[in-house]
Amino acid sequence: MHILPQSFYNRPTLKVAQDLLGCFLVILPSGKSRTTNAAHANSTVRYKIVEVEAYDGLNDLASHASRGRTERNKIMFGPAGMIYVYFTYGMYYMLNIVTGVKDYPAAVLIRAVEPPPPLVTSPRLRSGQTRERGAIITNGPGKLTKVLGIDKRFHGLPIYVKRHGLWIESGERIKPSQIKKTTRIGVDYAGKYRDKNWRFYIRGNQFISRK
DNA sequence: CAAGAGATCATCT
DNA sequence: GATGATCTCTTGA
């Protein structure tokens, strides 16, 4: 398991998106856990990426970039490997990674992750929590950022270094036959781009947001 | 089970 | 002033 370098993201978005499946989103939970077990204070939590969407170029009517460069989306036009977090619907943060060469606006939205197995030694530790009242809580872009505590503080930071407490590591290679390619969620307004099969998920995985 | 509404506010026009 | 890369809850068949 090694951290994915910037060069991984500096490739065509559709490829990066699919290659991210099976990789691990790793977070170093930050400071606010004074009350939790001190023995785990410095531990990381590894979530397997199981569902993503690609937003590809200026022409993609579903992409923020389609209406040109703005204060919010300008990071999509920059170099690859930067974290793009935006706030939507008045209550959710969306986690994206900028992809592709500089000046080509593109990004991958992380839509669902699979939590690590519950910690046997400390089953009540929050970082090992995978469900709430029986429901999966990392199967949706707005839900997973809430669980991981990802907000605007991460916007604009590189995901290819560990320094900021959030990075991605390589994982198991997912065979192409195991990758489902289908339409993106919530982009009915996007004209012909509505029908692009730019949402990818691991076939049969129980932690995806939708089939 | 599916469809519809409401929450709630930063960003864009 | 309108909307959205969402989610949860309610309604009704």
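A note on names: the letters A, B, ... follow the listed sequences, proteins ahead of strands, and every chain is numbered from 1. Remember, predicted model here, so these are calculated numbers, not experimental data.
- DNA chain C forms stems at B:1-7 with C:6-12, B:9-12 with C:1-4, each a run of 3 or more consecutive Watson-Crick or G-U wobble pairs whose two key distances fall under 3.5 Å.
- Of the possible donor and acceptor atoms, none in the side chain of A/Asn10 sits under 3.5 Å from a partner among the backbone N and O of A/Gln6.
- For the atom pair CD of A/Glu169 and NZ of A/Lys48, the computed distance is 14.0 Å after rounding to the nearest 0.5 Å.
- Residues meeting the ring pair (Phe, Tyr, Trp, His ring centres under 6.0 Å) test with A/Tyr160, sequence neighbours left out: none.
- Remark: C1' of C/dT6 and OH of A/Tyr189 are 12 Å apart, rounded to the nearest angstrom.
- Taking 4.0 angstrom as the limit, A/Arg111 places a side-chain polar atom (N or O) nearer than this to OP1 or OP2 of C/dT6.
- Per the geometry, NZ belonging to A/Lys196 stands 17 Å off C1' belonging to C/dA5, to the nearest Å.
- Rounded to whole angstrom, the span from the OH atom of A/Tyr93 across to the P atom of C/dC7 amounts to 15 Å.
- Cation-pi check for A/Lys196 over A/Tyr193 is met; the charged atom lies under 6.0 angstrom from the ring centroid and within 45 degrees of its normal.
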Under a 4.0 Å heavy-atom criterion, the protein footprint on nucleotides 7-13 of chain B, written with B, S and -, is BBBSSSS

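- With sequence neighbours excluded, no residue satisfies salt bridge (charged side-chain N to carboxylate O under 4.0 Å, His left out) with A/Lys162.
- Near DNA chain B, meaning a heavy atom under 4.0 Å from it, residues 20-27 of chain A has no residue at all.
- Distance A/Asn139 CG to C/dT6 P: 13 Å, rounded to the nearest Å.
- The distance from atom CD of A/Glu53 to atom C1' of C/dT6 is 12 Å, rounded to the nearest whole Å.
- Atom CD1 of A/Ile150 is separated from atom CG of A/Leu144 by 6.5 Å, given to the nearest 0.5 angstrom.
- A 4.5 Å side-chain heavy-atom check between A/Tyr9 and A/Met82 finds every atom pair outside the cut-off.
- At a threshold of 4.0 angstrom between heavy atoms, the contacts of A/Ile185 are confined to the sugar-phosphate backbone, with no base atom among them.
- DNA chain B lies under 4.0 Å from no heavy atom of any residue of residues 201-211 of chain A.
- Here A/Tyr55 lies parallel enough and close enough to stack on the base of C/dA5, with planes under 30° and ring centres under 5.5 Å apart.
- A tilted orientation is assigned to the rings of A/Tyr93 and A/Phe87, their planes being inclined by 30° to 60°.
- Taking hydrophobic clusters as Ile, Leu, Val, Met, Phe, Trp and Tyr residues chained together by side-chain heavy-atom distances below 4.5 Å, A/Ile110 does not share a cluster with A/Ile185.
- Both tests hold for A/Arg11 against A/Phe8: distance to the six-membered ring centre under 6.0 Å, angle to the ring axis within 45°.
- Rounded to whole angstrom, the span from the CG atom of A/Asp195 across to the C1' atom of C/dA5 amounts to 16 Å.
- Atom pair A/His155:NE2 and C/dA5:P shows a separation of 16 Å (rounding to whole Å applied).
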Any chance you could lay out the side-chain contact (heavy atoms from CB on, under 4.5 Å) test for A/Ile168 and A/Leu20, step after step, and finish with the verdict? CA-CA 9 Å; A/Ile168 297 177; A/Leu20 278 173; 4.1 Å; yes

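- One interatomic measurement links the two molecules: CG of A/Asp60 to P of C/dA5, which rounds to 11 Å at whole-angstrom precision.
- For the pair A/Arg184 and A/Tyr55, the cation sits on the ring face: its NZ or CZ lies under 6.0 Å from the ring centre, inside 45° of the axis.
- In this structure, the separation between CD1 on A/Ile83 and CD1 on A/Ile159 is 4.0 Å, given to the nearest 0.5 Å.
- In this structure, A/Arg72 is positioned above the aromatic face of A/Tyr86, its NZ or CZ under 6.0 Å from the six-membered ring centre and within 45° of the axis.
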